[in-house]
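Let me begin by presenting the structure, written as structure tokens, before commenting on it.
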Amino acid sequence: MTRKGKEVVILTSPNHNSAEEEEGGFDHSKINGRSFPSFPSFSSRNASSKYDFVKVKVWLGENADHCYVLSRFLLSRMLTVTKIPNHVAIKIALELKKLLIDNSLLDVSQSDLEANLFKLMERRGYGEEYINRYKMMTRFHHQRVPLVILVCGTACVGKSTIATQLAQRLNLPNVLQTDMVYELLRTSTDAPLASTPVWAREFSSSEELITEFCRECRIVHKGLAGDLKKAMKDGKPIIIEGIHLDPSIYLMDEENKLPVKMPEKCETNIVSVNLDDDPARQMENNSVSGNNTENSNCTTGYLTSEEGKPVNLVNKVVDSQESIDKAGSILDNKGETVKDLEGDRKTSVSLKSGPEPIIIPIVLKMAEFDHKALLEEWISTRSFSDKHPDEDKDRLITNLKIIQDYLCSFKSQGLTVANISATTFPQTLDWLHGHLLQSIEEGISSVSSENGRQPAQN
């Protein structure tokens, strides 16, 4: 039975320390005067607590038709999404569980649970800003808005590390790697993919290299079609990382030549995270540059104009797309038609049902000197390095730079380009975390506004 209106008055006690429960500072056999079976004491390194052996049911809906058992772990992960440090999130979750059990609130409504949680957050100094983020992410999960995060870039720029860290911070379970998809398609299907990476081959011009790169990106996108379809249908978030990511494939609707919805505020997307300088000054410069360029950049690239008409892309991207279409003829000789591939390029739009997906592309790059040093070390350990003399390593690095320049060219269309540096990696991660939260908030706000307009159109 639901116990409504059971908000607990939280008193600050000088002897209150959430760590005591885990370190065995008091009698573990009693909670709120009631006897419980004795359990072995846990060291401070063990995240378990005696309160984990008592279930708290949280009831949902006005009529309390459904309930779930409160999980301290899941709650702490949700708090981490709001940018609360992990160790603090664990303490807040434990304090909430202790508060409910000590006050005999073993059945509590969702609203009362959140009311007590927000009080604990405020008491630790995580007030309105963090509470609003919590509410926003709750709405995001309830609305089941599809989310696709693309982490693009060439080799050795930290794509896998960034993707994994963002997945952990945002509590997103699905991270796909294009390298794995590429190998599966190459070895298990008739897809026209070479064993030698595209950047390790010789091309007569940079345009030919980009054409081949985009062709392979389209094939890899076809291999991802099943996962994208499921994400769109079920409203699940997904992170895709790897070198075989051409942002234009995931953003453009080939049938209508209209862009998939991206976060509305241009100043969020056009910012390049320059972390080579002081982080605090860099953040300030980003906000200033975003405001100054809002009017000029909102009318180009993948964003629509105020009249809702599609806008022109820069010449370089248009040329590359034309090159992709021409390259499609190569697939005809391999038993695969251009028509099939073009249909797969619509996957991110045509296969979705329900709310329109939020697609957030991020391009990672690194300072040229640092990137070259990492690439030289990486190339020396690769299997194809034995096939190429030392003088060809410069060509490999040049090819990778051409691909990187192509990916970074999408910055003019509103994509985020983040500069990665080992000395400022935590600041980069924090900025990207905040950027994704802001983009998600703008995405679900647009979904809510569209839902609000639908009755008026009927």
Does Y68 form a side-chain hydrogen bond (donor to acceptor under 3.5 Å, both in side chains) with Q110? I'd like the steps, not just the answer. CA-CA 10 Å; Y68 66 90; Q110 179 70 27; 2.7 Å; yes
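- Closest of all the heavy-atom pairs between A163 and V151 is CB-CG2, 4.2 Å.
- Residues N419 and T424 have side chains not in contact (no heavy-atom distance under 4.5 Å, counting atoms from C-beta outward).
- The structure places CG of L400 at 11.0 Å from CG of D405, a figure rounded to the nearest 0.5 Å.
- Here the NZ atom belonging to K365 is positioned 11.0 Å from the CG atom belonging to L407, to the nearest 0.5 angstrom.
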Can you list the steps and then say if K411 with L415 is a side chain to side chain contact (heavy atoms under 4.5 Å, CB included)? CA-CA 5 Å; K411 179 183 176 182; L415 272 68; 5.6 Å; no
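- E376 is listed as a side-chain neighbour of I397, based on a closest heavy-atom distance under 4.5 Å.
- Y130 carries R133 over the face of its six-membered ring, with the cationic atom under 6.0 Å from the centre and within 45° of the normal.
- Atoms CD1 and CG, on I239 and L176 in that order, are 9.5 Å from each other to the nearest 0.5 Å.
- Side-chain atoms of R395 come within 3.5 Å of backbone N or O of R201 as a donor-acceptor pair.
- Here the side chains of V56 and V108 are in contact, with some heavy-atom distance below 4.5 Å.
- Salt-bridge formation is not detected for the pair E129/K83: no Lys NZ or Arg NE/NH1/NH2 atom is positioned less than 4.0 Å from an Asp or Glu carboxylate oxygen.
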With side chain to side chain contact (heavy atoms under 4.5 Å, CB included) as the criterion, how do I162 and F425 come out once you've worked through the C-alpha distance, each side chain's angles and the decisive distance to 0.1 Å? CA-CA 9 Å; I162 287 289; F425 186 82; 3.5 Å; yes
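- Closest approach of L147 to I440, counting heavy atoms only: CD2-CD1, 3.8 Å.
- To the nearest 0.5 Å, atom CD1 of residue I420 and atom SG of residue C156 are 13.0 Å apart.
- Atom-to-atom distance recorded for K91:NZ and L120:CG is 13.5 Å, nearest 0.5 angstrom.
- Here the straight-line distance linking atom CD1 of I149 with atom CG of N174 works out to 11.0 Å at 0.5 Å rounding.
- At a threshold of 4.5 Å between non-hydrogen side-chain atoms, the residues I358 and V148 do not count as touching.
- Between L79 and A93, the shortest heavy-atom contact is CD1-N, 4.4 Å.
- A salt bridge does not link E368 to K401: none of the charged nitrogens lies less than 4.0 Å from a carboxylate oxygen.
- In this structure the side chain of Q404 reaches within 4.5 angstrom of the side chain of V157, judged on heavy atoms.
- The two residues C214 and I249 come nearest to each other via the heavy atoms O-CD1, 4.4 Å.
- At a threshold of 4.5 Å between non-hydrogen side-chain atoms, the residues N132 and M136 do not count as touching.
- Side-chain contact between I402 and F213 is absent, with no heavy-atom pair separated by less than 4.5 Å.
- The two residues R186 and A194 make their nearest non-hydrogen contact at CD-O, 3.2 Å.
- Looking only at side-chain heavy atoms (C-beta outward), L60 and C67 stay at 4.5 Å or farther from each other.
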Starting from the C-alpha separation in whole Å, work towards a yes-or-no answer on side chain to side chain contact (heavy atoms under 4.5 Å, CB included) for T416 and H435. CA-CA 9 Å; T416 299; H435 169 67; 3.1 Å; yes
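- The minimum heavy-atom distance between T196 and Y182, with the atom names listed, is O-OH, 4.4 Å.
- Inspection of the E241 and S160 side chains reveals an N or O donor paired with an N or O acceptor under 3.5 Å.
- A donor-acceptor pair under 3.5 Å is absent between the side-chain atoms of S188 and the main chain of L185, judged by distance alone.
- At a threshold of 4.0 Å, the pair D246-R218 does not count as salt-bridged, since none of the basic side-chain nitrogens sits closer than that to a carboxylate oxygen.
- The existence of a salt bridge linking D227 and K236 is excluded, since no basic side-chain nitrogen approaches an acidic carboxylate oxygen closer than 4.0 Å.
- The aromatic rings of H244 and W199 sit tilted, their planes meeting at an angle between 30° and 60°.
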For side chain to side chain contact (heavy atoms under 4.5 Å, CB included), just list the numbers for R169 and L436, CA-CA rounded to whole Å, side-chain angles, deciding distance to a tenth of an Å, and then say yes or no. CA-CA 11 Å; R169 286 185 172 220; L436 292 177; over 6 Å; no
